[in-house]
Amino acid sequence: MGRLTTHVLDTANGRPAAGMAVSLFRVENGLRRPVASTATNADGRCDAPLLEGAKLEKGIYELEFEAGAYFAARGAALPDPPFLDRVVLRFGVADADAHYHVPLLVSPWSYSTYRGS
């Protein structure tokens, strides 16, 4: 059974990014359709998979992370506008029966991602 999960690490402070808003969209014909919205827990993870089972379909998705709001709420010295505000990761699901784990490692100035396990 396939599933899509994520987690966020605050690399500027060396801890999980608790309380970051995360939205998931499915991209079809160039348009983004909202699928799920949540926030990360104390461990920087979502409490449940964003999609699983028959709800995870082959296609193009975007995860949108509210990094600017997260760092502003923690008192980070940010320029106006912040260098990173919303971090959008577009990725493809080729095998709907697989586990897609898409983590975000983020600071106010940079981010990286990878397909995890």
Side-chain angles (χ1 to χ4, degrees):
M1 177 166 69
R3 66 180 192 239
L4 172 63
T5 58
T6 190
H7 78 270
V8 185
L9 299 175
D10 174 345
T11 58
N13 296 295
R15 64 180 177 220
M20 185 179 292
V22 179
S23 298
L24 175 66
F25 300 87
R26 181 167 166 92
V27 180
E28 298 174 296
N29 301 319
L31 300 174
R32 294 180 358 147
R33 180 177 51 86
V35 175
S37 293
T38 189
T40 56
N41 62 23
D43 195 32
R45 299 178 182 276
C46 300
D47 289 330
L50 296 165
L51 287 174
E52 64 183 326
K55 292 181 180 180
L56 180 62
E57 300 176 25
K58 181 177 176 177
I60 303 297
Y61 292 88
E62 287 184 353
L63 276 169
E64 186 173 271
F65 300 88
E66 299 291 339
Y70 165 83
F71 285 110
R74 276 138 193 87
L78 301 175
D80 184 20
F83 180 70
L84 291 179
D85 188 17
R86 292 185 176 140
V87 175
V88 179
L89 303 177
R90 183 177 280 203
F91 60 96
V93 170
D95 180 0
D97 292 325
H99 179 194
Y100 285 80
H101 183 65
V102 185
L104 178 70
L105 290 72
V106 66
S107 80
W109 310 106
S110 67
Y111 69 89
S112 64
T113 191
Y114 57 93
R115 181 172 175 194
S117 58

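Just the heavy atoms: all of them, side chains too, but no hydrogens, waters or symmetry mates, feed the values below.
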So how far is it from [X] [atom1] to [Y] [atom2], rounded to the nearest 0.5 Å?
| X | Y | atom1 | atom2 | value |
| --- | --- | --- | --- | --- |
| Ser110 | Leu84 | OG | CG | 7.0 Å |
| Thr113 | His101 | OG1 | NE2 | 8.5 Å |
| Leu56 | Tyr61 | CG | OH | 5.0 Å |
| Phe83 | Phe71 | CZ | CZ | 12.5 Å |
| Leu4 | Glu57 | CG | CD | 12.5 Å |
| Arg74 | Asn13 | CZ | CG | 9.0 Å |

Quiz prompt | Option passing side-chain contact (heavy atoms from CB on, under 4.5 Å) with Phe25 (candidates Glu64, Arg33, Arg90) | solution = Glu64
Quiz prompt | Partner of Cys46 by side-chain contact (heavy atoms from CB on, under 4.5 Å), out of Asn41, Thr38, Leu24 | solution = Thr38
Starting from [Y], can I reach [X] by hopping between I/L/V/M/F/W/Y residues whose side chains sit under 4.5 Å apart?
| X | Y | answer |
| --- | --- | --- |
| Val87 | Val27 | no |
| Tyr100 | Val22 | yes |
| Leu78 | Val106 | yes |
| Val88 | Met20 | no |
| Leu50 | Phe91 | yes |

Exercise. Take Thr11 and Tyr111 through the test side chain to side chain contact (heavy atoms under 4.5 Å, CB included) and record every step on the way to the result.
Key: CA-CA 9 Å; Thr11 58; Tyr111 69 89; over 6 Å; no
Self-check item: Sidechain-backbone polar pair: Thr6 side chain, Val102 backbone, donor-acceptor under 3.5 Å
Solution: yes
Practice problem: Find out whether Arg26 and Arg32 are in side-chain contact, i.e. whether some heavy atom of one side chain is under 4.5 Å from a heavy atom of the other. | Solution: no
Looking only at heavy atoms, which two atoms of [X] and [Y] are closest? And how far apart?
| X | Y | answer |
| --- | --- | --- |
| Tyr114 | Pro103 | O-CD, 3.0 Å |
| Arg115 | Ala98 | NH2-CB, 3.8 Å |
| Gly44 | Pro16 | N-CB, 3.5 Å |

Exercise. Show your reasoning for whether side chain to side chain donor-acceptor pair (under 3.5 Å) applies to His7 and Thr40.
Key: CA-CA 7 Å; His7 78 270; Thr40 56; over 6 Å; no
Practice problem: Give a yes-or-no answer on whether the side chains of Ser117 and His99 include a donor-acceptor pair shorter than 3.5 Å. | Solution: no
